[in-house]
Participant: 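Here it is, the structure in full.
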Amino acid sequence: MAVVAELSSSSSYIKSTRLHTSQLSISSTHLSYLRRQTFRPVTRPRDATITCSVASDQVQAPIAVQAAEFKSKNDCYGVFCLTYDLKAEEETKSWKKTINIAVSGAAGMISNHLLFKLASGEVFGADQPIALKLLGSERSFEALEGVAMELEDSLFPLLREVKIGINPYEVFQDADWALLIGAKPRGPGMERAGLLDINGQIFAEQGKALNAVASPNVKVIVVGNPCNTNALICLKNAPKIPAKNFHALTRLDENRAKCQLALKAGVFYDKVSNMTIWGNHSTTQVPDFLNARINGSTVKEVIKDQKWLEAEFTEKVQQRGGLLIKKWGRSSAASTAVSIADAIKSLVTPTPEGDWFSTGVYTTGNPYGIAEDLVFSMPCRSNGDGDYELVKDIIFDDYLQKRITKTEAELLAEKRCVAHLTGEGVAFCDLPEDTMLPGEM
Ligand SMILES: NC(=O)C1=CN([C@@H]2O[C@H](COP(=O)(O)OP(=O)(O)OC[C@H]3O[C@@H](n4cnc5c(N)ncnc54)[C@H](OP(=O)(O)O)[C@@H]3O)[C@@H](O)[C@H]2O)C=CC1
Ligand SMILES: O=C([O-])CC(=O)C(=O)O
């Protein structure tokens, strides 16, 4: 089942008294959403498609009247049936073409923060209208409807459409961005190998769905843990999409590292730059204080306590998620949503001169000697077109190299553990014992 709530014109545009050509196609799945509303149900044969077309001169009356007329004339319901021509209004004339953003785990905690940031325009810009395609499951479907209602009630002008569904092949249709957040949390007594397998299957399926129906240049950000290996599984199951387009979210780790350095140096965190997180989003991740800068100086010039950097700082960043769960009783949701927004903004706006950002990307052809065919967090720059380049002028010392080798070994072990999901044969799980998600302590 998939349902569509076409909220496109429900908010600010409901005030408009002028409606321009609306041409839309409503499948039986749209109708099932409409039946969930308080509107009169429509009886249609299964899989029926209704096409409604309204000429602009037919709809000069106030919208409430139009909706009623529309319904009676076309067997179609209210604002969910209306689309608007963005070029028709002065305010929206200069807007870009609407982009489709698919979000999985959309009824979860991270999404509950993220969706409203996306819809507000703060991520893609004030002239970028968006359509949100929200993926849930049978268990979360009611909650997903609640999310759609809250989005509707928020009157975001840039939010042109909200679609909710439980079938990735429908929800990911024409997605320009796919933010894959939904994943099963690791429960008590569950082996990491078990988590890799259960979540890996989710990401294998979603990779296949993206491959089949998303925009060929869709950008994919995997958040659900273990996010690096889930991203690898996803890209292996989506051979039509460039592997370069897949990211595992390590921006939260970067933000956490910047915060800790700022605190120690006694500066505001905007003074910390060039922060790289290397490797896995796990407790083996490597926050790189060798290449990072504070106020333009090397970290070592500002913080002379090498012991603190190697032990305390590194551990603080690696275990920040776990400490937060201990305090808050649940894993980071708001700051994760902020970091997803940051990760997207880093790809759609040019990176400031001399700086870079971290993201988990496919390691093919990397200049750092890291094993190929992994999703590994590395330093990147973007010119703002959604793509990125790896940063070349990075220095390494023994400490950094040793730590990178450890996180690399962990990712190689995770990869062997999911070989059955990447098409590389029989899985063999020999995960290092101390391997943990940042949220586990
Ligand atoms: N990379 C990073 O920096 C971070 C990653 N995370 C990860 O993000 C993910 C989502 O976190 P959060 O939003 O807080 O979690 P929630 O528990 O609030 O939501 C997770 C969603 O995942 C979905 N899900 C998919 N499969 C299952 C399953 N088998 N069992 C249960 N739920 C499932 C559920 O949605 P539905 O029923 O609709 O499928 C649920 O709504 C987690 O994997 C978490 O570890 C968290 C913080 C930071
Ligand atoms: O382990 C988790 O779910 C939380 C997590 O990734 C983090 O806080 O970095």
Side-chain angles (χ1 to χ4, degrees), residues 1-3 102-115 133-148 164-168 171 179-187 190 192 194-206 209 220-231 233-234 246-257 259 277 279-285 287 316-343 358-360 375 377 435-441:
M1 172 181 53
V3 287
V103 181
S104 76
M109 288 191 303
I110 295 172
S111 293
N112 199 37
H113 294 273
L114 178 67
L115 296 174
K133 314 290 170 97
L134 309 181
L135 183 67
S137 67
E138 296 277 6
R139 91 193 131 233
S140 67
F141 193 78
E142 291 259 338
L144 213 51
E145 285 183 298
V147 171
I164 63 178
I166 65 170
N167 179 349
V171 176
L179 312 177
L180 305 184
I181 302 173
K184 185 180 171 65
R186 180 163 167 180
M190 188 190 285
R192 189 174 169 94
L195 186 72
L196 275 165
D197 184 53
I198 292 172
N199 283 336
Q201 292 187 35
I202 295 173
F203 287 88
E205 180 63 15
Q206 293 182 359
V220 184
I221 299 183
V222 176
V223 179
N225 277 316
C227 61
N228 295 57
T229 297
N230 289 340
I233 293 167
C234 197
F246 289 78
H247 299 257
L249 184 81
T250 54
R251 186 53 170 267
L252 177 59
D253 306 301
E254 175 185 324
N255 291 355
R256 287 168 170 168
C259 180
I277 299 295
N280 203 1
H281 175 69
S282 78
T283 50
T284 65
Q285 66 176 270
K316 267 184 187 206
V317 179
Q318 291 170 334
Q319 296 180 1
R320 182 76 166 175
L323 183 60
L324 191 124
I325 290 172
K326 236 179 177 175
K327 303 264 183 202
W328 192 207
R330 56 155 181 76
S331 70
S332 315
S335 58
T336 306
V338 168
S339 74
I340 298 168
D342 288 344
S358 308
T359 174
V375 172
S377 184
T435 188
M436 289 197 286
L437 294 172
E440 298 169 324
M441 278 179 84

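For ligands, and for the atoms within them, numbers begin at 1 and follow the listed sequence.
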Participant: Would you check the N or O atoms of A183, main chain and side chain alike, for any that come under 3.5 Å of an N or O of ligand 1?
Facilitator: yes
Participant: Kindly state if atom 40 (C) of ligand 1 has a protein heavy atom within a strict 4.0 Å cut-off, that is, under 4.0 Å?
Facilitator: no
Participant: I need the atoms of ligand 2 closer than 4.0 Å to a non-hydrogen atom of S332, numbered in the order shown.
Facilitator: 8 (O)
Participant: With heavy atoms of G108 as the reference, note each atom of ligand 1 found under 4.0 Å away.
Facilitator: 13 (O), 18 (O), 19 (O), 41 (O)
Participant: Check this for me - ligand 1, S140, N or O atoms closer than 3.5 angstrom, yes or no?
Facilitator: yes
Participant: What about N225: any of its N or O atoms under 3.5 Å from an N or O on ligand 2?
Facilitator: yes
Participant: Within a distance under 4.0 Å of any heavy atom of G224, pick out the atoms of ligand 1 and give their elements.
Facilitator: 8 (O), 9 (C), 43 (O)
Participant: Is ligand 2 less than 4.0 angstrom away from at least one heavy atom of H281?
Facilitator: yes
Participant: Counting both backbone and side chain atoms, is some N or O of I110 under 3.5 Å from an N or O of ligand 1?
Facilitator: yes
Participant: Show me which atoms of ligand 2 lie under 4.0 Å from any heavy atom of R256.
Facilitator: 7 (C), 8 (O), 9 (O)
Participant: Run the side chain to side chain contact (heavy atoms under 4.5 Å, CB included) test on I164 and V147 for me, step by step, so that the C-alpha distance in whole Å, both residues' side-chain angles and the decisive distance to 0.1 Å come before the verdict.
Facilitator: CA-CA 9 Å; I164 63 178; V147 171; over 6 Å; no
Participant: What protein heavy atom is closest to atom 24 (N) of ligand 1, reported as residue, atom name and distance in Å?
Facilitator: R139 NH2, 3.5 Å
Participant: Could you list the atoms of ligand 1 found under 4.0 angstrom from a heavy atom of S332?
Facilitator: 47 (C)
Participant: Show the numbers, then the answer: is there a side chain to side chain contact (heavy atoms under 4.5 Å, CB included) between F203 and V222?
Facilitator: CA-CA 9 Å; F203 287 88; V222 176; 3.6 Å; yes
Participant: Is there a protein heavy atom less than 4.0 Å away from atom 17 (O) of ligand 1?
Facilitator: no
Participant: Can you tell which of I202, N225, N255 gets a heavy atom nearest to atom 45 (O) of ligand 1?
Facilitator: N225
Participant: Going by distance only, is there an N or O of S137 that falls short of 3.5 Å from an N or O of ligand 1?
Facilitator: yes
Participant: Under 3.5 Å between some N or O of ligand 1 and some N or O of S111?
Facilitator: no
Participant: Using heavy-atom distances, let me know which of K184, E138, M109 sits nearest atom 28 (C) of ligand 1.
Facilitator: K184
Participant: For ligand 1, is there an atom lying under 4.0 Å from some heavy atom of A333?
Facilitator: no
Participant: Please classify the I181 to ligand 1 contact at 4.0 Å (heavy-atom distances, strictly less than): side chain, backbone, both or neither.
Facilitator: both
Participant: Give a yes or no answer on whether the side chain of Q285 reaches the backbone of G279 with a donor-acceptor pair at less than 3.5 Å.
Facilitator: no
Participant: Apply side chain to side chain contact (heavy atoms under 4.5 Å, CB included) to the pair L196 and I233, showing each step before the final yes or no.
Facilitator: CA-CA 10 Å; L196 275 165; I233 293 167; 5.8 Å; no
Participant: Any idea which atoms of ligand 1 are less than 4.0 Å away from a heavy-atom of G136?
Facilitator: 38 (O)
Participant: Relative to the heavy atoms of C227, which atoms of ligand 1 are at a distance of less than 4.0 Å?
Facilitator: 1 (N)
Participant: Please could you name the atoms of ligand 1 that L252 approaches to less than 4.0 Å, counting only its heavy atoms?
Facilitator: 3 (O), 48 (C)
Participant: Would you mind checking which non-hydrogen protein atom is closest to atom 2 (C) of ligand 1, with the distance to 0.1 Å?
Facilitator: H281 NE2, 3.3 Å
